[in-house]
> 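Shown below is the structure under consideration.
The model shown is predicted, which means the values in this text are computed figures rather than measured ones. Counting from 1, the numbers follow the sequence of the chain as shown.
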Amino acid sequence: MTYDIFISYASEDRETVAEPLANALIQQGLTVWYDKLALTMGDSLRQAIDEGLSKSKYGVVILSPNFFEKDWPQKELNALVAREEKGVKVILPVWHNVTHKDVAKFSPILADRWAVSTSEGLEKIVHQIKRAIKLDEQKKDPLIMIGTINLLTHELTIDGKILSRDVYAYIKDGRTYIPVKYLALVLGVNEHNILWDEENQTMTLIKGNRVVNIKVGEKIIFINGHPVTMDIEPLNIDGQIMMSASYLSQALGGNVIFDNSTFTIVFTSYRQ
């Protein structure tokens with residue numbers, strides 16, 4: 001799973017700032033890595049935090065006198081700074097009971113950053129975080145989308161947003177079949193452009209100038225009327241039309257790779 005926000009803070013600021021902020025961001029539809037919500041009994045704290053840092057697009061850092069005195073939050077901050085060295089904005093600073101002079105003494109670089117203060121209220125902090133993310137995302141390439149299907153959690157995400165937790169694979173003869181509906185969505189096909197003909201057992205997918213036709217039980221897929229031979233055939237499993245991710249990805253102009261460590265299929269494609 002990927003997250004929009006990782007919240008870095010000193011434990012003394014948990015109840016007054018971190019936890020109310022985490023809950024407010026979640027209520028606004030953002031996915032948040034917050035240790036109290038992410039950790040369960042027996043989890044490795046270090047491993048969980050490393051995973052949260054690596055899988056979060058932005059880090060909200062609550063800078064406070066308590067933060068400046070603690071080693072662990074500063075290590076989290078260092079990890080976020082390292083990611084920014086690649087030329088992307090990651091750190092979103094929140095000031096709590098500190099002044100510009102305090103922050104400058106701790107880190108001149110952070111003091112030069114636009115920040116929001118807890119003195120402005122929780123609602124203002126949430127608004128400014130959402131605004132910063134929105135403006136930053138608009139600067140990025142709007143044409144490329146990244147989608148994932150996790151075979152263990154059954155989650156489908158597009159650009160980090162979970163769209164479904166009900167994607168189940170089917171294994172036959174060592175091959176992995178995924179419902180065509182979800183493959184089409186993760187490759188950028190609008191839901192209303194996924195058309196099913198029950199009588200003929202055919203599915204039509206429309207994305208931009210591509211029209212892809214699939215027929216259950218046939219090892220041929222048509223792309224704008226041109227036949228492409230496959231080594232497997234689409235299946236109808238309990239009303240779900242299923243096929244290999246690789247063939248449909250190619251037909252819709254996308255790319256697909258499989259992450260063996262997390263059992264995640266990662267798709268990249270152009271938006272419609």
> Compare every heavy atom of G59 with every heavy atom of L80, then report the nearest pair and how far apart it is.
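So the minimum-distance heavy-atom pair works out to CD1-CA, 3.9 Å.
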
> Out of L25, T31, V60, which residue meets the side chain to side chain contact (heavy atoms under 4.5 Å, CB included) rule with D4?
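Of the listed residues L25, T31, V60, the side chain to side chain contact (heavy atoms under 4.5 Å, CB included) partner of D4 is T31.
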
> For a side chain to side chain contact (heavy atoms under 4.5 Å, CB included) check, start with the C-alpha distance between M242 and I178, then their side-chain angles and the critical distance, and finish with the verdict.
CA-CA 5 Å; M242 311 186 82; I178 306 291; 5.6 Å; no

> Minimum heavy-atom separation for K219 to I232, with atom names?
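Smallest interatomic distance, heavy atoms only, reads CG-O, 3.6 Å.
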
> Under 4.5 Å between side-chain heavy atoms, chaining through other members, with only Ile, Leu, Val, Met, Phe, Trp and Tyr counted: pull out the rest of the cluster around I146, sorted by chain and number.
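Listed partners: I257, V266.
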
> With no hydrogens and no angle check, is any side-chain donor or acceptor of R83 less than 3.5 Å from a backbone partner on K89?
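Answer holds: no.
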
> Can you find a heavy atom in the side chain of V180 that is under 4.5 Å from one in the side chain of L205?
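Touching, per the 4.5 Å side-chain cut-off.
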
> Can you see which heavy atom on A24 is nearest to which on V126, and at what distance?
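Closest pair (atom of A24, atom of V126, distance): CB-CG2, 3.6 Å.
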
> Do you know which two heavy atoms are closest between K57 and D159, and how far apart they sit?
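In terms of heavy atoms, the two residues are closest at NZ-O, 3.4 Å.
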
> Would a distance-only check, ignoring hydrogens and angles, find a side-chain to backbone donor-acceptor pair under 3.5 Å from T202 to I214?
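No; zero donor-acceptor contacts below 3.5 Å.
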
> Test of understanding: with side chain to side chain contact (heavy atoms under 4.5 Å, CB included), list the residues that count as partners of F258, not counting sequence neighbours.
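Side chain to side chain contact (heavy atoms under 4.5 Å, CB included) check on F258 returns L151, N260, F263, I265.
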
> Minimum heavy-atom separation for T157 to V186, with atom names?
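It is O-CG2, 3.8 Å.
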
> Quick check: does any side chain N or O of E69 sit under 3.5 Å from a backbone N or O of N66, one acting as donor and the other as acceptor?
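No, E69 side chain to N66 backbone: no donor-acceptor pair under 3.5 Å.
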
> For D197 and N200, indicate whether the former's side chain and the latter's backbone hold a donor-acceptor pair under 3.5 Å.
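Answer holds: yes.
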
> Once rounded to the nearest 0.5 Å, what's the spacing between atom CD of E76 and atom CD1 of I7?
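With rounding to 0.5 Å, CD (E76) is 11.0 Å from CD1 (I7).
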
> I220 vs F222, test: side chain to side chain contact (heavy atoms under 4.5 Å, CB included). Steps then yes/no.
CA-CA 7 Å; I220 296 177; F222 289 88; 3.7 Å; yes

> So, the side chain of H96 versus the backbone of D13: is there a donor-acceptor pair under 3.5 Å, distance only?
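No; judged by distance alone, with no hydrogens or angles, the pair does not exist.
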
> Any non-hydrogen side-chain atom of K181 less than 4.5 Å from a side-chain atom of E191?
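Yes; the side chains approach each other to less than 4.5 Å.
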
> Can you name the residues that form a salt bridge (charged side-chain N to carboxylate O under 4.0 Å, His left out) with E233, not counting sequence neighbours?
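Residues passing salt bridge (charged side-chain N to carboxylate O under 4.0 Å, His left out) with E233: none at all.
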
> Just how far is it from atom NZ of K75 to atom OG of S8, taken to the nearest 0.5 Å?
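Going from the NZ atom of K75 to the OG atom of S8 covers 12.5 Å.
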
> If we ignore hydrogens and angles and just use 3.5 Å, is the side chain of S244 paired with the main-chain N or O of S246 as donor and acceptor?
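Yes, because the side chain of S244 sits within donor-acceptor range (under 3.5 Å) of the backbone of S246.
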
> Just wondering, are more than 12 heavy atoms of other shown residues or ligands nearer than 6.0 Å to CZ in R131?
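For R131, atom CZ is not crowded (no more than 12 foreign heavy atoms under 6.0 Å).
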
> What verdict does the side chain to side chain contact (heavy atoms under 4.5 Å, CB included) test give for Y34 and R14, after you've listed the backbone C-alpha separation in whole Å, the side-chain angles of each residue and the deciding distance to 0.1 Å?
CA-CA 10 Å; Y34 169 61; R14 175 184 285 120; 3.0 Å; yes

> Who passes ring pair (Phe, Tyr, Trp, His ring centres under 6.0 Å) against Y182, sequence neighbours left out?
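If we apply the ring pair (Phe, Tyr, Trp, His ring centres under 6.0 Å) test to Y182, skipping adjacent residues, there are no hits.
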
> Is Y3 reaching over with its side chain to a backbone N or O of S54, donor-acceptor style, under 3.5 angstrom?
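No, the answer is negative, given that no donor and acceptor are paired below the 3.5 Å cut-off.
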
> Please enumerate all residues that pass side chain to side chain donor-acceptor pair (under 3.5 Å) together with E120, with sequence neighbours excluded.
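E120 satisfies side chain to side chain donor-acceptor pair (under 3.5 Å) with K124 once adjacent residues are dropped.
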
> Determine the minimum heavy-atom distance between V98 and L63, stating which atoms define it.
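Heavy atoms of V98 and L63 come nearest at CG2-O, 3.6 Å.
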
> Who are the ring pair (Phe, Tyr, Trp, His ring centres under 6.0 Å) partners of F106, not counting sequence neighbours?
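Checked F106 against ring pair (Phe, Tyr, Trp, His ring centres under 6.0 Å); matches are F68.
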
> Are any non-hydrogen side-chain atoms of I125 and T118 less than 4.5 angstrom apart?
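Yes, their side chains come closer than 4.5 Å.
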
> Give a yes or no on whether the backbone of V211 and the side-chain of N224 come within a donor-acceptor separation of less than 3.5 Å.
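Checked: pair present.
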
> May I have all residue pairs that pass salt bridge (Lys or Arg N to Asp or Glu O under 4.0 Å) and include part of residues 96-115, sequence neighbours excluded?
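Every salt bridge (Lys or Arg N to Asp or Glu O under 4.0 Å) pair that includes a residue of residues 96-115, provided the two are not neighbours, is E84-R113.
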
> When rounded to the nearest 0.5 angstrom, what is the spacing between CG in D35 and CD in E19?
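Answer for the CG-CD pair, D35 versus E19, is 9.5 Å.
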
> Compare all side-chain heavy atoms of I221 with those of M230 and state whether any distance is below 4.5 angstrom.
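Touching, per the 4.5 Å side-chain cut-off.
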
> Nearest 0.5 Å, please: how far is CZ in F6 from OG in S56?
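Spacing of OG (S56) from CZ (F6) equals 6.5 Å.
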
> Consider only side-chain N and O atoms of Q28 and K130, and report whether a donor and an acceptor are under 3.5 Å apart.
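Judged by distance alone, the side chains do pair up.
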
> So, do I133 and I5 sit near enough that their side-chain heavy atoms are less than 4.5 Å apart?
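Of all side-chain heavy-atom pairs linking I5 with I133, at least one is under 4.5 Å.
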
> Table please: side-chain donor-acceptor pairs of residues 248-255 below 3.5 Å, with sequence neighbours left out.
unit_1, atom_1, unit_2, atom_2, d
S249, OG, G254, O, 3.2
S249, OG, N255, N, 3.3

> Should L156 and I162 count as side-chain neighbours, where that means a heavy-atom distance under 4.5 Å?
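No; the side chains remain at least 4.5 Å from each other.
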
> Before you tell me yes or no, could you show the steps for L183 and M243 under side chain to side chain contact (heavy atoms under 4.5 Å, CB included), namely the whole-Å CA-CA distance, both residues' side-chain angles and the distance that decides it to 0.1 Å?
CA-CA 9 Å; L183 290 175; M243 68 178 294; 4.3 Å; yes

> Under 4.5 Å between any side-chain heavy atoms of L185 and I194, yes or no?
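L185 reaches I194 side chain to side chain.
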
> If you measure only the distance, is there a donor-acceptor pair under 3.5 Å linking the side chains of S64 and N97?
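Absent: no donor and acceptor within the cut-off.
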
> Quick one, F267 and I158 - any side-chain contact, counting heavy atoms below 4.5 Å?
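The answer is no, as the side chains (C-beta and beyond) never meet within the 4.5 Å cut-off.
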
> With sequence neighbours excluded, tell me which residues meet side chain to side chain contact (heavy atoms under 4.5 Å, CB included) with L195.
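Here the qualifying residues are T204, I206.
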
> Have E198 and W196 got a donor and an acceptor in their side chains that come within less than 3.5 Å?
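Indeed, the side chains of E198 and W196 share at least one donor-acceptor pair under 3.5 Å.
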
> Who are the side chain to side chain donor-acceptor pair (under 3.5 Å) partners of T264, not counting sequence neighbours?
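Partners of T264 under the side chain to side chain donor-acceptor pair (under 3.5 Å) test: N150, T262.
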
> Holding to side chain to side chain donor-acceptor pair (under 3.5 Å), I want the full list of residues that pass it with T176, two or more places apart in sequence or in another chain.
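None.
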
> For residues 163-173, dump all side-chain donor-acceptor pairs below 3.5 Å to protein atoms at least two apart in sequence or in another chain.
unit_1, atom_1, unit_2, atom_2, d
S164, OG, D166, N, 3.1
R165, NE, E155, OE2, 3.2

> Is there a donor-acceptor contact under 3.5 Å from the side chain of K207 to the main chain of G188?
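Looks like no, no N/O pair under 3.5 Å.
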
